[in-house]
Number of protein chains: 2
Amino acid sequence: MLTGLNVAILGGDARQIEMVRKLNEWDATLHLAGFDQLDYGFTGANHFDMDEDLVEKFDAVILPVPGTDESGKIDSIFSNQQMILDEDWVARTPEGCVFFTGITNDYLNSLFQKVNRTLIPLFSRDDVAIYNSVPTVEGTIMMVIQNTDFTIHSARVHVLGLGRVGMSVARAFHGLGAKVHVGVRKSSHFARALEMGLSPFYLKDLKEAAGECDILINTIPVPIVTASIIQKMPGHTFILDLASKPGGTDFRYAEKRGIKAILAPGLPGIVAPKSAGKILANVISQILMEHRKGEQQT
Amino acid sequence: MLTGLNVAILGGDARQIEMVRKLNEWDATLHLAGFDQLDYGFTGANHFDMDEDLVEKFDAVILPVPGTDESGKIDSIFSNQQMILDEDWVARTPEGCVFFTGITNDYLNSLFQKVNRTLIPLFSRDDVAIYNSVPTVEGTIMMVIQNTDFTIHSARVHVLGLGRVGMSVARAFHGLGAKVHVGVRKSSHFARALEMGLSPFYLKDLKEAAGECDILINTIPVPIVTASIIQKMPGHTFILDLASKPGGTDFRYAEKRGIKAILAPGLPGIVAPKSAGKILANVISQILMEHRKGEQQT
C-alpha cells in the first residue's frame with residue numbers, strides 16, 4: 001500500500017486516468033495539475049496549481065510519458081494551461097522525492113544533473129518494455145490488418161530484431177498462422193527463434209530475404225531497412241516500423257518506390273491507453289514501495 | 001486447368017478482382033459484366049452486356065457474394081449500369097451451366113426452382129466457411145482492438161459457439177493471451193474446448209458467465225445475447241456479433257444500457273478482399289474441375 005504518500009501527477013493523457021485509479025486503490029494521496037478540463041469525479045484526488053506550496057510535501061511526481069519538451073513544457077490533453085518544469089520547482093520538492101517520466105530528453109537530463117533528485121525514465125526499464133510489448137503487438141496486428149488486403153495467416157512476415165518487442169511480435173504473428181522469419185544478429189537469438197518454431201536469418205542476409213516478404217516489421221532503431229533492401233521487395237510489401245523515432249526505414253525511398261511504409265512508435269498509448277496506464281501504475285507503485293522500504297531500513 | 005470453359009462474372013466487389021486473376025491463371029475464358037468503371041487491364045477477360053447472345057455459351061456464372069436483391073438486381077461496385085438476373089436470362093444459358101453465389105435468398109431459390117440449372121451457395125459449404133473464418137478472425141481482432149481501451153491479452157473473452165467460425169476465433173484469442181471462455185450446447189464441443197486449453201461453459205449458464213466478461217463474441221445466429229444477459233455484463237464489455245443478419249444480440253437494449261455492441265457479418269470482404277477472393281476462386285475452380293470430370297465420365 002501507498003498510504004500516506006503524496007503523489008503528484010502533472011499533465012498527460014488517457015493513461016494518467018488509469019494511473020489515478022490504480023494509485024487511488026493503493027491509497028496514495030493524489031494531487032493533480034493540468035486536469036482542469038476533465039469532467040470526471042475522482043474521489044480523493046486533489047487539484048492543485050504548480051505555484052502552490054504543496055510541492056514541498058510531494059514524495060513522488062509523475063510526468064507525462066513524453067516527459068517535457070526541450071524547453072521544459074509539460075503537455076496535458078486535459079488542460080490548456082501552461083505548465084513548466086524548471087530547476088526552481090524541482091528544487092522545492094523534498095530531497096527524497098522521486099520523479100517518473102516515460103522517456104527522458106536533454107532538458108530533463110541536464111535539469112536533474114543540477115538538482116539532487118531521482119528521475120526514473122520508465123520506458124528504459126526492461127520490465128516496462130516487455131509489458132508494453134503486449135499493447136504494441138496488438139497495435140501492430142491492427143495496423144497490419146488495416147493496411148493490407150490479404151490475411152496475416154499464410155503471409156510471409158519478416159520481423160527484424162528478437163528483442164523485448166520483436167519476440168512478442170514474432171510469437172503473436174506465428175500464432176495467427178503467418179510464416180514468420182526473424183532477422184537477428186546474435187547466434188543466441190538465432191537459436192531462440194528456431195526453438196520458437198520460427199525461421200531465423202542473419203541480418204547480413206536481409207537483402208536476399210527481402211525478396212520473399214509480404215509484411216516487414218522492424219524493431220531495430222538504426223537505419224536498416226535501406227533503399228537497397230526496399231528495392232528488392234515485392235510491390236505489395238507493407239513495412240511497419242516500431243523502432244523509436246526516426247525509425248530504421250528509408251521512408252523517402254519507400255514512398256518513391258510506391259511501397260507502403262509507416263512509422264508507428266508509441267502504439268500502447270493509442271490502442272490500449274487503459275492497459276498502458278495500468279502497466280505504468282503497477283511499476284510506479286512497486287518502485288515507490290521498494291523506495292519506502294529502503295528508507296525505513298536506513 | 002479450366003481451359004476451354006466459358007465463365008461469366010456478373011458484378012461484385014474487390015473479391016471479384018482476385019477471382020478474375022486466379023481463374024485467368026487456370027486458363028478459363030472469362031466474360032465480365034458490370035466492370036465498366038474498372039481501370040484495370042485484364043488480359044484475356046472479355047467485357048460483355050447481359051443482353052448479348054454470348055449467354056448461350058456460358059459453362060459457369062459467378063454472381064456477387066450477396067447474390068441478388070429480392071427483385072433480382074445484381075450489384076457491382078465497378079458499374080452504375082442496371083443488371084437483373086431473371087428467369088429468361090438463366091434459361092438462355094446451356095443446361096449444364098452452374099451458377100455460383102455467396103449466399104442465396106428467396107428470389108434466387110424460387111428462380112432456380114423454375115429453371116433447371118444448378119445454384120451453388122458457396123457460403124453454406126463447410127470448406128468455404130472454415131477458410132473464410134481466417135479473415136473473419138483477423139477482422140474480429142481488428143475491431144476488438146479498435147473498440148476497447150484495454151488489451152486482448154489478459155482480457156476475459158467469451159466466445160459463443162464452437163462451430164466453424166467460433167473455433168478459429170477462440171483459438172486466435174487464446175494465442176494472443178486472452179482468457180477465453182467458450183459457450184457451447186453440445187458436450188462434444190465442451191470436450192473440444194477443454195482439449196484446446198480453453199474454459200468451456202454451457203450456454204444455459206450464460207447469464208452467470210456474463211458477469212465476468214470483458215469482450216463477448218457471438219457466432220450463433222439466434223437471439224442469444226438477450227436483454228437479461230446484457231443486463232448482467234460489466235459496463236465496459238464490448239459485444240461483437242459475427243452471426244449473419246440480424247445477429248443474435250439485442251442491440252436495442254445494449255444501446256440503452258450504454259454497452260457497445262456491433263454487428264459485423266461479412267468481415268472477410270472488408271479486411272482482406274484479396275484473400276477472400278482467392279478462397280472463393282479456389283473453391284469455384286475445384287467444383288468446376290470436378291463437374292467437368294463428372295461430365296466426361298458420363
Side-chain angles (χ1 to χ4, degrees), chain A residues 13-18 21-22 130-155 157 168-178 180 196-197 214-215 234-236 238 264 267-279 282, chain B residues 13-18 21-22 130-155 157 168-178 180 196-197 214-215 234-236 238 264 267-279 282:
Chain A
D13 53 43
R15 286 172 278 195
Q16 264 68 20
I17 306 295
E18 195 58 28
R21 192 174 288 133
K22 277 278 158 194
I130 292 170
Y131 288 132
N132 257 337
S133 74
V134 170
T136 297
V137 162
E138 298 190 7
T140 302
I141 292 170
M142 183 186 80
M143 295 200 67
V144 167
I145 296 173
Q146 285 172 337
N147 285 285
T148 54
D149 58 2
F150 49 88
T151 55
I152 289 172
H153 190 282
S154 303
V157 178
S168 308
V169 170
R171 200 201 326 268
F173 277 77
H174 180 61
L176 291 173
V180 178
M196 291 168 72
D214 301 312
I215 297 161
H236 67 263
F238 172 58
L267 285 172
I270 300 165
V271 296
K274 199 168 168 177
S275 302
K278 206 178 281 181
I279 289 168
N282 283 337
Chain B
D13 52 42
R15 286 172 278 195
Q16 263 67 19
I17 305 296
E18 194 59 27
R21 193 174 289 132
K22 278 278 159 197
I130 293 172
Y131 288 132
N132 255 337
S133 75
V134 170
T136 297
V137 162
E138 298 189 7
T140 301
I141 293 171
M142 183 187 81
M143 294 201 67
V144 167
I145 296 173
Q146 284 172 336
N147 285 286
T148 54
D149 58 2
F150 49 87
T151 55
I152 290 173
H153 191 281
S154 301
V157 178
S168 308
V169 169
R171 199 202 325 268
F173 278 77
H174 180 61
L176 290 173
V180 177
M196 289 168 72
D214 302 312
I215 297 161
H236 68 263
F238 172 58
L267 285 172
I270 300 165
V271 297
K274 199 170 166 175
S275 302
K278 207 178 280 182
I279 289 168
N282 283 336

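Within every chain, numbering begins at 1; the chains are lettered A, B, ... in the order of the sequence lines, protein sequences first and strands thereafter. All heavy atoms count here, side chains included; hydrogens, waters and symmetry mates do not.
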Task: Flag if over 12 foreign heavy atoms under 6.0 Å of OH, Y131(B) - done: no
TODO: To the nearest 0.5 Å, tell me how far I141(B) CD1 sits from I152(A) CD1.
DONE: 7.0 Å
Open item on the list: Strictly distance-based, threshold 3.5 Å: is any side-chain N or O of E138(A) a donor or acceptor partner for the main-chain N or O of I145(B)?
Closed with: no
TODO: Would you mind telling me which of K274(B), M143(B), K278(B) has the largest number of heavy-atom pairs within less than 4.5 Å of chain A?
DONE: K274(B)
Task: Residue selection (most heavy-atom pairs with chain B, distance under 4.5 Å) from P273(A), A276(A), P268(A), G175(A) - done: P273(A)
Task: Contact origin within E18(B) toward chain A - heavy atom pairs under 4.5 Å - done: neither
Task: Donor-acceptor under 3.5 Å (S275(A) side chain, T151(B) main chain) - done: yes
Task: Greatest number of heavy atom pairs closer than 4.5 Å to chain A - which of V137(B), I270(B), V134(B) - done: V134(B)
